[in-house]
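Throughout, protein chains are lettered first and strands after them, A, B, ... in sequence-line order, and every chain is numbered starting at 1.
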Amino acid sequence: MKGRDTRCAVRTPQRGVPTMETFQSLLAKKLSDSLASAGFSDAGELTPATDPRFGDYQTNAALVLGKQRSEKPRIIAEKIVAHFDVNHLCEPPVVAGAGFINFTLRPDAIGKKTVEVLRDERLGIAEATSKKHIVIDFGSPNVAKPMHVGHVRSIVLGDALARVAEFLGHEVIRDNHIGDWGTQFGMVIYGWKNLLDQRALQRNPLAEIVRVYKETNERAASDPQVREACRQELVKLQAGDKENTDIWNECVAFSMQDFDHVYELLGVRYDIQCGESFYNDRLAGVVERLLKSGIAEVSEGAVVVFFRDIPELADRPCIIRKRDGGFNYATTDIATIDYRVNDLKADTVWYVVGAPQILHFKQIFEIARRQGYKADFRHITFGSILGEDRKLMKTRSGGNVPLRNLLEEACRRARKIIEEKNPDLSEEEKIGIAQKIGIGAVKYGDLSQYRMTDYVFSWEKMLSLQGNTAPYLQNAYVRVRSIFRKAGESAVATPLRGVDIGGQQIETGRRPVATALSLEDSAEINLAKRLCQFAEIVPQVLNDFRPNILANYLFELANGFHTFYEACPVLKSEEPARSSRLAICHLTARVLQRGLDFLGIKVPEKM
RNA sequence: GCGCCCGUAGCUCAGCCGGAUAGAGCAACGGAUUUCUAAUCCGUGGGUCGGGUGUUCGAGUCACCCCGGGCGCGCCA
């Protein structure tokens, strides 16, 4: 029953650290109690209702038990319901359909829980029960090549997973496994020595390196002499030749500058950046060890690992040392695993790398397993970004779209929209907002999709102010902030003493501290319910590495807020509704901000 | 040839370990603005879930086959 721990977990609160329970976990516990007192074993699961008509949560426990015991599910359901202790949490559960049991939360319970969430710094999100040491390998650009759209999914997905994992209490190391070594450097160095334009290099170093690399590549394709010369340059580099090493160092440095610029735009950081070259002096030892242990063998002059006992890989051996004695990326990846497990003490390694490398990682993980590594290795794959023609996204001339240009265009386009909608903002504000919206739109466009599907990149769609987009979510946040800007001093009249609302601590003197919100309108009840669900959703992101679950939740939350905003006046309403509504507004903003932050997206105060 | 991924509304996509009458957004059409940002909200129409067989109380979801698209398959990464 994989995943049950995140669906209806019953946590034992740690001593001294009261862990807030979600409605789901509370109901799951009560269900478990009622099953026991009705004489049944735990069965089925408690999940959010599939349809509002069925209430808020449902369980199929009676269906599962009915099958096990060959009894009528509805009869069993009635017995479970009879033993269910509602205890102010929900209305008496209802048996429906084939034997489902439906639970509808009581508004007062929602009001109470909302205050709990409001008072909790973690917004109700519990830490993971078992803390992991996770190395996340994502991004991994190649030196002497510009980062292009193909890298964006890995970066954005890896970063989001890292943010969620960290919040859940895991120890995360973000590792940028830069492609800074390999056969392409023969060509780069040849090009550097023979084709380099110093003035162009000063103007735009990376562009010039890319140009000479490309040109060399073309020459090598048709001229065997050039090909051989490149090979010689590579051999010299790998032998430690001073001149070539200097050139290589310069290329790496220029590339890193470009990468850093993109990371800054994206707001992405790494803990370590151990590129391929980092592992150079370990490669010979890796091969030697694998040969000695019998995991690898010599075949046709190369050192190879066979997987004869695995049907899927039986005719797909993995070369770890080429016939010419050189090492390849498989060797590097094995050395990388050694380092991550032995030196970084990882018990979990996530590779956020495109689907085409599935076979490669199957082989690498199997080799790790044969070496006795027990860590949990996951290859987190993702689909491609397509252009409007439904083919891999390319520039008009057919090249890769540089990521830097793409992000800059996102900001430009966002700027243009802001200019139209809100021309009175200061220049400084416009720049900041354009960046938050533009970058956010690109990230959200990606993370709101299921990671495996290819998707069509569309400026119009991702920057639209309506629909499931970053600007729509950001706008919900902005609306809340606007309320608090307007409210000013009057927000202080809230009875929610001690609760931080709108950046100010509320003190109300002798008034009693409210422990629940007063929720009347269906729009505010729905919104509060949604806010309470945040804690149920976030851990699910790591279940199968699906940030789109969170994106979807945030969209529904923003939608619920906009509905509430239309239906329920906040500042003009009477107490106690006014305070209640201010409180859910405030909580909405916090959840939106926190949730978007998990996706690496910033929120503007105005837009 | 073998392997992996995808196929859901006109378009772009959700739908996690099988759960009730399959959902959003966009586009289309019809409404709402003395207002805390209409950058919004409410409503309507729209589907043999690529096709078939099977597993069972129950299949978009699982198994097998077929069709269509993408990707990968010793010395590139």
Side-chain angles (χ1 to χ4, degrees), chain A residues 1-4 6-7 44-45 47 49-51 53-54 58 60 63 66-67 72-73 96-100 102 140 142 179 181-184 276 299-306 311-324 326 328-330 332-333 354-360 362 381 383-384 386 390-392 417-418 420-422 448-450 452-456 458 460-461 464-469 471-472 474-476 478-487 540 543-544 546 548-549 551-552 555-556 559 562-567 569-572 581 585 606-607:
Chain A
M1 193 165 270
K2 171 194 147 204
R4 188 176 170 190
T6 57
R7 287 171 75 84
E45 55 195 17
T47 59
T50 53
D51 190 295
R53 278 174 319 206
F54 305 141
Q58 65 182 48
N60 60 350
L63 294 169
K67 187 170 190 176
K72 287 205 159 63
F100 291 97
N102 295 332
S140 310
N142 288 313
W181 199 254
T183 43
Q184 83 264 29
E276 291 171 343
S299 166
E300 297 173 34
V303 179
V304 178
V305 178
F306 288 96
E312 213 180 310
L313 299 176
D315 55 357
R316 278 153 203 169
C318 177
I319 289 176
I320 59 171
R321 194 175 70 199
K322 299 188 283 187
R323 196 195 309 224
D324 67 6
N328 59 13
Y329 72 123
T332 309
D333 278 342
Q357 294 197 41
I358 283 178
L359 176 62
H360 168 68
K362 269 188 185 153
T381 59
S384 318
L386 309 178
R390 297 212 56 103
K391 292 185 176 160
L392 277 185
I417 297 169
I418 294 161
E420 284 167 21
K421 302 284 186 186
N422 212 341
S448 59
Q449 311 278 336
Y450 172 54
M452 286 308 297
T453 39
D454 299 347
Y455 72 93
V456 176
S458 157
E460 205 184 322
K461 227 186 98 178
S464 165
L465 302 155
Q466 306 134 328
N468 191 3
T469 65
Y472 177 84
Q474 288 166 324
N475 183 44
V478 166
R479 282 183 129 181
V480 177
R481 300 304 303 148
S482 175
I483 290 175
F484 282 98
R485 267 198 302 278
K486 183 136 187 170
Q540 286 183 39
N543 226 359
D544 189 33
R546 293 173 184 243
N548 67 308
I549 291 177
N552 196 50
F555 171 63
E556 284 171 0
N559 196 220
H562 285 306
T563 303
F564 159 86
Y565 186 91
E566 299 287 332
V570 177
L571 299 177
K572 286 170 193 158
R581 288 174 180 179
C585 282
K606 298 178 186 170
M607 63 190 278

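- With both pairing distances under 3.5 Å, B/U61 is matched to nothing as a Watson-Crick or G-U wobble pair.
- Among the heavy atoms of the strands lying under 4.0 Å from A/S299 is at least one base atom, whether or not backbone atoms are also near.
- The shortest distance between side-chain heavy atoms of A/N475 and A/H562 falls below 4.5 Å.
- Side-chain atoms of A/N422 and A/M607, non-hydrogen and from C-beta on, never get closer than 4.5 Å to each other.
- As a whole-Å value, the separation of A/N552 CG from B/G23 C1' is 10 Å.
- Judged by distance alone, with hydrogens and angles left aside, the side-chain atoms of A/N552 form no donor-acceptor pair with the main-chain N or O of A/S448 at under 3.5 Å.
- Comparing B/C29 with B/G70, their P atoms are spaced 36 Å from each other, to the whole Å.
- Not one side-chain nitrogen or oxygen of A/Q357 sits closer than 4.0 Å to the OP1 or OP2 atom of B/G72.
- In this structure, B/U55 makes no Watson-Crick or G-U wobble pair, since no nucleotide meets both defining distances under 3.5 angstrom.
- Interface remark: the A/D454 side chain does not form any donor-acceptor pair with the B/G70 base, using a distance-only criterion of under 3.5 Å.
- Remark: C1' of B/U33 and NE2 of A/H562 are 16 Å apart, rounded to the nearest angstrom.
- When the nearest nucleotides of RNA chain B are assigned to A/L63 and A/Q449 by heavy-atom distance, the more 5′-ward of the two goes with A/Q449.
- Contacts of A/V480 with the nucleic acid, taken as non-hydrogen atoms under 4.0 Å apart, are absent.
- Among the atoms of the strands shown, none is found under 4.0 Å from any heavy atom of A/A476.
- Taking side-chain N and O atoms only, A/K322 has a distance below 4.0 Å to OP1 or OP2 of B/C76.
- Atom CD in A/E556 sits about 14 Å away from atom C1' in B/C13, given to the nearest Å.
- In this structure, the CG atom of A/D51 is 7 Å from the P atom of B/G23, given to the nearest Å.
- B/U44 and B/G25 have their P atoms separated by 12 Å, with the value rounded to a whole Å.
- For B/G19 and B/C11, the P atoms lie 27 Å apart once the distance is rounded to whole Å.
- Counting atom types as modelled, A/N102 pairs a side-chain N or O with a base atom of B/A20 as donor and acceptor under 3.5 Å.
- The shortest distance between the side-chain N/O atoms of A/R581 and the OP1/OP2 oxygens of B/C36 is not below 4.0 Å.
- Comparing B/U35, B/A20, B/A14 by their nearest atom to the side chain of A/K572 picks out B/U35.
- Comparing B/G72, B/A39, B/C13 against the side chain of A/K421 picks out B/A39 as the nearest.
- Judged by distance alone, the side chain of A/T563 and the main-chain N or O of A/N559 form a donor-acceptor pair under 3.5 Å.
- If you check B/G46 for Watson-Crick or wobble pairing at under 3.5 angstrom, you find it has no partner at all.
- Using a 4.0 Å heavy-atom criterion, one finds that A/V456 contacts the sugar-phosphate atoms exclusively.
- In this structure the side chain of A/F100 reaches within 4.5 angstrom of the side chain of A/N60, judged on heavy atoms.
- Among the heavy atoms of the strands lying under 4.0 Å from A/T50 is at least one base atom, whether or not backbone atoms are also near.
- For A/A302, counting side-chain heavy atoms from C-beta on, the closest listed nucleotide (B/A20, B/C6, B/C75) is B/C75.
- For A/E300, counting side-chain heavy atoms from C-beta on, the closest listed nucleotide (B/C75, B/G25, B/A39) is B/C75.
- Listed candidates were B/C75, B/A39, B/C13. Nearest to the side chain of A/N422 is B/A39.
- Contact check, A/Y472 against B/A24: no side-chain N or O comes under 4.0 Å of OP1 or OP2.
- Of all nucleotides present, only B/G25 satisfies the Watson-Crick or G-U wobble test against B/C11, with each distance under 3.5 Å.
- Summarising the base pairing, B/C16 is matched to no nucleotide, lacking a Watson-Crick or G-U wobble pair whose two defining distances lie under 3.5 Å.
- Looking at the side chain of A/N559, the nearest of the listed nucleotides B/G72, B/U40, B/C41 is B/C41.
- Across the strands present, B/A32 finds its partner in B/U40; the criterion is a Watson-Crick or G-U wobble pair with both atom distances under 3.5 angstrom.
- A residue-by-residue look at A/N142 and A/Y565 shows that A/Y565 has its nearest nucleotide of RNA chain B further toward the 5' end.
- A/S384 places no side-chain N or O within 3.5 Å of a backbone atom of A/L392 that could act as its donor or acceptor partner.
- For the pair A/F564/A/V570, a side-chain contact is recorded, criterion being any heavy-atom separation below 4.5 Å from C-beta on.
- Rounded to the nearest Å, the gap between the P atom of B/G10 and that of B/G51 is 13 Å.
- In this structure, the CG atom of A/D544 is 13 Å from the C1' atom of B/G15, given to the nearest Å.
- Taking atom CG of A/L359 as the reference point, atom P of B/C5 lies 13 Å away to the nearest angstrom.
- When each of B/A20, B/A14, B/G3 is scored by its nearest atom to the side-chain atoms of A/R316, the top-ranked nucleotide is B/G3.
- Note: NZ (A/K362) to P (B/C73) measures 14 Å, nearest angstrom.
- By the 30° and 60° cut-offs, the orientation of the rings of A/H360 relative to A/Y329 is parallel.
- A distance of about 14 Å separates the P atoms of B/A24 and B/G46, rounded to the whole Å.
- B/C42 and B/U33: their P atoms are spaced 16 Å apart (whole Å).
- Residue A/N548 places at least one side-chain N or O closer than 4.0 Å to OP1 or OP2 of B/G15.
- Of the possible donor and acceptor atoms, none in the side chain of A/R546 sits under 3.5 Å from a partner among the backbone N and O of A/Y450.
- As rounded to whole Å, 8 Å separates atom C1' of B/C73 from atom CG of A/D315.
- Put simply, A/F100 rests on the base of B/A20: the two rings are less than 5.5 Å apart at their centres and nearly parallel, under 30°.
- Considering only side-chain N and O atoms, A/T453 lies nowhere under 4.0 angstrom from the phosphate OP1 or OP2 of B/C13.
- Each of B/A39, B/A20, B/G58 was ranked by its minimum atom distance to the side chain of A/L465; first place goes to B/A39.
- The side chain of A/Q466 has B/U40 as its nearest neighbour among B/U40, B/G58, B/C41.
- As rounded to the nearest Å, B/A28 and B/U61 have C1' atoms that lie 32 Å from one another.
- Considering only heavy atoms from C-beta on, A/R485 comes within 4.5 Å of A/K606 through its side chain.
- Comparing B/C62 with B/C26, their P atoms sit 30 Å apart, to the nearest whole Å.
- Residue A/N475 has its side chain nearest to B/U40 when only B/U40, B/C4, B/C13 are considered.
- Remark: B/C4 base-pairs with B/G70; criterion is Watson-Crick or G-U wobble with both hydrogen-bond distances under 3.5 Å.
- Using a 4.0 Å heavy-atom distance criterion, A/P356 is classed as a sugar-phosphate-only contact.
- Nucleic acid contact class of A/F54 (heavy atoms, under 4.0 Å, all strands): base.
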